[in-house]
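Report on one structure; see the data block that follows.
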Amino acid sequence: METRKVQVTGGSTYTVSIPKTWATENDVEAGTEIEFFPDGDSLFLTPRSEEERTRGSLDVTDLSGQALMRAVTTMYVSGFDVIELEGVEITTEQRSTIREAVQSLVGLEVLEETRDRVVIQDLLDSSELSIHNAVTRMRLISLSMLEDALAALSELDHDLARDVIGRDDDLDRLWLVVSRIFRATLRTPKAAEELGLPREECFDYHSSARQLERIGDHATKIGHLTLNIEEPLPDEVVEAVNGLHADAVEVIDTAMDALFADESDEATRLANEARTGVRAIDERVRAIDELLRDLDPARAQLLGLVVDSVLRSADYGGNVAETALQKAAPTP
């Protein structure tokens, strides 16, 4: 850490010198324009960049399949606007995997292809993205997936179960968008300014989006379990599971309302209400476990996994409530 004294020049202008080491490392010299970003009692400064879009390159010669998919996804989430994938000779299989990765990510498009190079570009304007809207959309999708997964279980509707499984891709795409936006706010204060949100709030949205993505994973798991059930379930079991689902949704919805609440008192009240709901759900789960003991062991095991997924979804709602409490708390 270095310190500098603020000086006054011309009678009214405050000036402070920039450490030479930092200036050299960032190509700052006489005449360089510096951008300032106020953030509470802090002031961030960064050299003004002439190039708006960030470019990144990756050698994919030894990458294929899931490893190549993860590599493209990682560069996307890291915030590169233009991704250049290079290799001695990019194979047909690699090109197919790259296209699959592009289709699974919001805003990407293949811009250029040659024998040894594929260029991908993000077509979205980052300044127009809204982390609030993305999380709101994730809330709707994850809860509808959970509702339809349990409806498919109750009615043994395998087509609906497959539809729920397919919707998980939409939720994952939004999760990656939220992650990309959040990482951008960590990398540069300009991104947070364009969003119009403090970075702490972006962190809260990112943390909550992760919980919603996990709820979608459990809805998908219930969909897969439903495909393995052929015989109708006892009415009392269906009724008990549906009641558990209703309580879980109440927790998740209340927690999300707390996260989005503008008033701290209202957010705190709702978050504590959601946390209380999580504790109440444990009693209902114990009652369902008693019902499952009367079933065939194989069916009881499958339904036990379903109950566990619904319970975990409620727990994720409780995690959102914890985040909402932290967001509503006074800041130092």
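These figures come from a predicted structure and were not determined experimentally.
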*Residues in side-chain hydrogen bond (donor to acceptor under 3.5 Å, both in side chains) contact with Thr323, at least two apart in sequence or another chain*: none
*Using a 4.5 Å cut-off on heavy atoms from C-beta on, say whether the side chain of Leu212 contacts that of Val135.*
yes
*Are any non-hydrogen side-chain atoms of Asn242 and Ser154 less than 4.5 angstrom apart?*
yes
*Return yes when atom CZ of Arg299 has more than 12 non-hydrogen atoms of other residues, nucleotides or ligands closer than 6.0 Å, and no otherwise.*
yes
_Flag side-chain contact, heavy atom, 4.5 Å: Glu84 against Leu58_ = no
_Qualifying salt bridge (Lys or Arg N to Asp or Glu O under 4.0 Å) pairs, either residue in residues 145-157, two or more places apart_ = Asp148-Arg167
*Using the ring-ring contact (aromatic ring centres under 6.0 Å, His included) rule, collect all pairs that involve residues 61-105, keeping only residues at least two apart or in two chains.*
none
*Could you list the residues that satisfy side-chain hydrogen bond (donor to acceptor under 3.5 Å, both in side chains) with Gln121, not counting sequence neighbours?*
none
_Pairs satisfying salt bridge (Lys or Arg N to Asp or Glu O under 4.0 Å), at least one member in residues 220-249, at least two apart_ = Asp247-Arg284
*Who passes side-chain hydrogen bond (donor to acceptor under 3.5 Å, both in side chains) against Glu113, sequence neighbours left out?*
Arg95
*List for me each residue that meets salt bridge (charged side-chain N to carboxylate O under 4.0 Å, His left out) alongside Asp172, sequence neighbours excluded, and say none if there are none.*
none
_salt bridge (Lys or Arg N to Asp or Glu O under 4.0 Å) partners of residues 314-332, not counting sequence neighbours, each pair once_ = Arg275-Glu322
*With sequence neighbours excluded, residues passing side-chain hydrogen bond (donor to acceptor under 3.5 Å, both in side chains) with Glu283*: Arg286
*How would you list, by chain and number, every residue that makes a salt bridge (charged side-chain N to carboxylate O under 4.0 Å, His left out) with Arg214, sequence neighbours excluded?*
none
*asked:* Please check this pair: side chain of Ser104 against backbone of Ala101, looking for a donor-acceptor N/O pair closer than 3.5 Å.
replied: yes
*Is the shortest side-chain N to carboxylate O distance from Arg180 to Asp81 below 4.0 Å?*
yes
*Please collect all salt bridge (Lys or Arg N to Asp or Glu O under 4.0 Å) contacts where either partner lies in residues 8-18, sequence neighbours excluded, each pair once.*
none
Donor-acceptor pairs under 3.5 Å, side chain of residues 258-271 to any protein atom, not counting sequence neighbours: which ones?
residue : atom : partner : partner atom : Å
Ser264  : OG   : Ala328  : O            : 3.4
Glu266  : OE1  : Arg269  : NE           : 3.3
Glu266  : OE1  : Arg269  : NH2          : 3.4
Glu266  : OE2  : Arg269  : NH2          : 2.9
Thr268  : OG1  : Ser264  : O            : 2.9
Arg269  : NH1  : Glu273  : OE1          : 3.3

